[in-house]
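Contents: one structure, followed by commentary.
All values below come from the heavy atoms of this structure, side chains included, with hydrogens, waters and symmetry mates left out. Start at 1 and go down the list; that is how both ligands and their atoms are numbered.
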Amino acid sequence: MANEQKLKKIACEVIDGFSPQLKNLSRDIWNHPELCFEEKYAHKRITDFLQVRGFNVERSYKLDTAFRAQPEGRSTGDGPNVAVLCEYDALPEIGHACGHNLIATVGVAASLGIQAALQSPDFQGKGMLTVLGTPAEEGGGGKVDLINSGAFADVDVAMMAHPSQFNLEKPVYLAMTEIKISYHGKASHASSYPWNGINALDAAVLCYTNISHLRQQIKPTWRAHGVITNGGAKPNIIPELAELEYYIRAPTDTELVVLKEKVVGCIEGAATATGCKVTYKFDPKPYSSLMSNDLMASLYVENSLQVGVNPERDPEKMKKAGGSTDMGNVSHVVPSIHPKYYIGTTVSAHSHAFAQQTKTEEAEDYSLAVAKALAMTGIDLLLKPELVQQAKQTFKEALEAELAAA
Ligand SMILES: [Zn+2]
Ligand SMILES: [Zn+2]
């Protein structure tokens with residue numbers, strides 16, 4: 001058996017061997033849902049799990065609930081540093097409806113597999129594995145903070161996998177920014193002296209309508225969706241303050257810049273029309289689109305076929321836009337993959353039904369198969385550093401193509 005196959009077999013056997021503990025880990029995180037930046041239980045549970053299994057763990061690495069772990073007894077050397085990312089935050093009210101308990105488990109399982117391969121006498125390479133615990137994917141942008149604080153400075157490639165109703169090696173995740181808009185008018189008695197007032201709610205309604213009209217002139221792949229979060233206090237007072245919150249999204253960061261400008265026109269136009277003052281704030285940590293690395297994605301597909309994870313080939317599913325993720329930001333810093341994988345349900349994430357599915361043994365079994373495919377992909381990259389160089393080249397080309405398409 002070729003060396004590479006031997007090491008991949010070792011990784012898969014280790015993941016199978018730890019299967020009961022890994023399933024417990026997933027179930028335990030599921031039972032303790034924690035919101036973004038508050039993932040104290042998961043942080044402790046995962047870092048303890050890795051530490052007792054031979055990892056050097058840095059808890060609260062750069063952020064309270066982030067961590068970094070590397071297999072003991074290895075120096076970073078001058079080989080590639082392959083990062084496997086874990087997420088573990090939950091959603092308000094519906095708990096682990098995005099399945100980040102499974103993401104953590106996939107990351108930990110893949111890392112145990114890669115660790116075993118690295119420690120095998122058959123491994124002759126020089127590379128390193130880094131497990132990164134990345135909090136606050138659901139709106140907190142934990143990975144953006146980690147990027148800004150240098151957590152990816154020594155990382156060569158990054159990977160993780162996300163539960164879904166599809167197996168897609170290069171899913172579409174949109175660039176996204178949030179906008180908070182406030183219209184400031186003037187209060188007055190709405191019946192006695194309405195002409196003395198300046199109606200902030202009218203401005204908010206116009207803003208909403210302007211953006212709704214804009215929708216006909218934007219690309220079908222772009223998104224603008226919002227709510228009025230404050231529409232005034234009482235019908236007999238001309239509202240002096242009205243507020244909206246919007247998310248706008250596009251398939252690339254450069255397209256999002258164009259959409260932003262158009263939306264700003266809608267926001268300011270509503271202020272002019274009503275005589276209100278307007279203030280608006282864009283998210284200081286916008287999410288970038290996901291730029292899946294072609295080379296890493298094809299390695300992942302080859303490996304996933306070997307463990308029975310069959311990629312979807314329906315063009316409609318392959319093009320289907322998903323939400324947004326801070327893994328998009330990572331994918332603009334180092335070559336990355338963030339495949340979606342099927343967990344035995346056809347319902348989408350962020351629903352009660354999906355939350356129920358993410359604690360089933362069926363979903364856990366799919367997750368461990370995907371962990372094997374990720375571990376095997378990591379082994380490919382560690383064994384053949386020239387593949388990492390190629391991945392970096394395709395990464396550079398993809399970044400240039402994105403800028404050129406502006
Ligand atoms: Zn989510
Ligand atoms: Zn998610």
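The closest donor-acceptor contact from the side chain of Asp156 to the backbone of Asn81 lies under 3.5 Å. Between the side chain of Ser298 and the main chain of Leu295, a donor-acceptor pair closer than 3.5 Å is present.
Between Glu138 and Asp89, the shortest heavy-atom contact is N-OD2, 2.8 Å. The minimum heavy-atom distance linking Glu361 with Arg27 is given by the pair N-NH2, 3.9 Å.
Both the sub-6.0 Å distance and the 45° axial angle are satisfied by Lys260 relative to the ring of Phe282. In this structure, Arg53 forms a cation-pi arrangement with Phe49, its terminal cationic atom sitting closer than 6.0 Å to the ring centre and no more than 45° off the ring axis.
Counting only distances under 2.8 Å, and ignoring water, the protein N, O or S atoms around the Zn ion (ligand 2) are Cys98 SG, His100 NE2, His162 NE2.
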